[in-house]
> 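First the structure, which I've put down as structure tokens, then a few questions once you've had a look.
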Amino acid sequence: MKLPIGFYLRENTLTIAKELIGKFIYTNMNGEITGGMIVETEAYIGPEDRGSHAFEGRRTAKNDTMYQAGGVVYMYICYGIHDMLNIVTGLEGSSHAILIRAVEPTIGIKLMQFRRGDVPLKRLCKGPGSLAKALGLNKSHDQTSLTGNLLWIEDEGLKIKQGNIIASPRVGLSCPEPYLSIPWRFTLFGNSFVSK
DNA sequence: TATGGGATTACCT
DNA sequence: GGTAATCCCATAC
């Protein structure tokens with residue numbers, strides 16, 4: 001079933017980031033569905049987190065979406081080239097978000113390969129930039145609701161054991177400790193579609 | 001108004 | 001493993 005809005009409106013973003021492992025994310029563009037199982041996430045915990053765009057309550061036109069109520073996506077362009085897909089969580093005014101870093105493709109693989117330029121299946125949705133491109137998402141989808149028919153996440157009843165979710169330091173940051181190496185990246189143990 | 005730095009990736013050697 | 005590609009906008013003059 002499609003995850004209800006209440007899933008995203010909770011404040012415990014680390015728990016939500018773990019719960020997203022083993023859920024299925026889909027986009028429907030012109031009737032063509034693409035997506036797969038989420039195998040890697042990273043949590044960004046609002047004002048206290050040096051690694052977050054919303055550190056110390058920074059709020060600008062660029063990151064304003066992070067302050068919206070949970071259940072929408074925050075799209076961010078990195079290095080001017082790559083679009084990143086983030087899930088906004090918490091109540092309006094809180095600035096928590098979860099970066100989706102990797103997906104194991106299950107549906108619409110041909111279309112995703114077309115969007116990505118025919119890369120091997122293993123690399124199709126590996127890494128946040130690749131994933132957004134495969135799903136057909138870019139900055140123009142900023143603020144898209146996860147309860148609509150364009151983009152959503154489903155619980156298909158797959159049970160992931162807590163012991164199979166690995167916590168590790170987040171990737172690609174350049175911020176001071178302790179936030180540089182705090183284990184807020186979650187991956188599915190043994191899954192070869194994880195980015196690193 | 002000018003400048004610098006990214007939640008990265010792919011292609012080169 | 002080293003590095004170029006490439007753009008929004010926050011911050012500093």
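Proteins get letters first, then strands, A, B, ... in listed order; numbering begins at 1 in each.
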> Does A:L173 reach a base, just sugar-phosphate, or nothing at all? Heavy atoms under 4.0 Å.
sugar-phosphate
> Is the shortest side-chain N/O distance from A:R101 to OP1 or OP2 of B:dT8 below 4.0 Å?
yes
> Aromatic contact between A:Y44 and A:H96, with the criterion being ring centroids under 6.0 Å apart: yes or no?
no
> Both A:I81 and A:K62 contact DNA chain C. Taking the nearest nucleotide for each, which residue is further toward the 5' end?
A:I81
> Return whichever of A:K139 or A:H82 has its heavy-atom-nearest nucleotide of DNA chain C closer to the 5' end.
A:H82
> Tell me: NE2 of A:H53 to P of C:dC9, nearest whole Å?
12 Å
> Using heavy atoms to find the nearest nucleotide of DNA chain B for A:K126 and A:G80 separately, return the residue whose nucleotide is more 5′.
A:G80
> Can you give the dot-bracket line for DNA chain C, using ( ) for pairs inside the strand, [ ] for pairs that cross earlier ones, | for pairs with another strand and . for unpaired bases, where Watson-Crick and G-U count if both distances are under 3.5 Å?
|||||.||||||.
> For A:I165 and A:T187, run side-chain contact (heavy atoms from CB on, under 4.5 Å): C-alpha distance rounded to whole Å, both residues' side-chain angles, the deciding distance at 0.1 Å, then the answer.
CA-CA 6 Å; A:I165 296 178; A:T187 55; over 6 Å; no
> Would you mind reading off the distance between A:K133 atom NZ and C:dT6 atom C1', rounded to a whole angstrom?
13 Å
> Within 45° of the six-membered ring axis of A:Y179 and under 6.0 Å from that ring's centre, is NZ or CZ of A:R50 located there?
no
> Provide the distance between the two P atoms, one in B:dC12 and one in C:dT6, to the nearest whole Å.
14 Å
> Report yes if the side chains of A:D49 and A:R170 come closer than 4.5 Å at any heavy-atom pair, otherwise no.
yes
> For a quick test of reading the model: is some side-chain N or O of A:R116 closer than 4.0 Å to OP1 or OP2 of B:dA10?
yes
> Kindly state whether the pair A:Y44 / B:dA7 counts as stacked, where counting means centroids closer than 5.5 Å and planes tilted less than 30° apart.
yes
> So which nucleotide from B:dT9, B:dT8, C:dA10 ends up closest to the side chain of A:S130?
B:dT9
> Could you tell me how far apart A:R59 (CZ) and C:dC9 (C1') are, to the nearest whole angstrom?
17 Å
> Run the salt-bridge test on A:D83 and A:K133 with the 4.0 Å N-O cut-off and return the result as yes or no.
no
> Could you tell me the separation between the CE atom of A:M84 and the NE2 atom of A:H82, rounded to the nearest 0.5 Å?
7.0 Å
> Between C:dT6, B:dA10, B:dG6, which one does the side chain of A:S174 approach most closely?
B:dG6
> Rounded to the Å, how far apart are A:L20 CG and B:dA7 P?
21 Å
> Listed by chain and number, what are the side chain to side chain donor-acceptor pair (under 3.5 Å) partners of A:N86, not counting sequence neighbours?
none
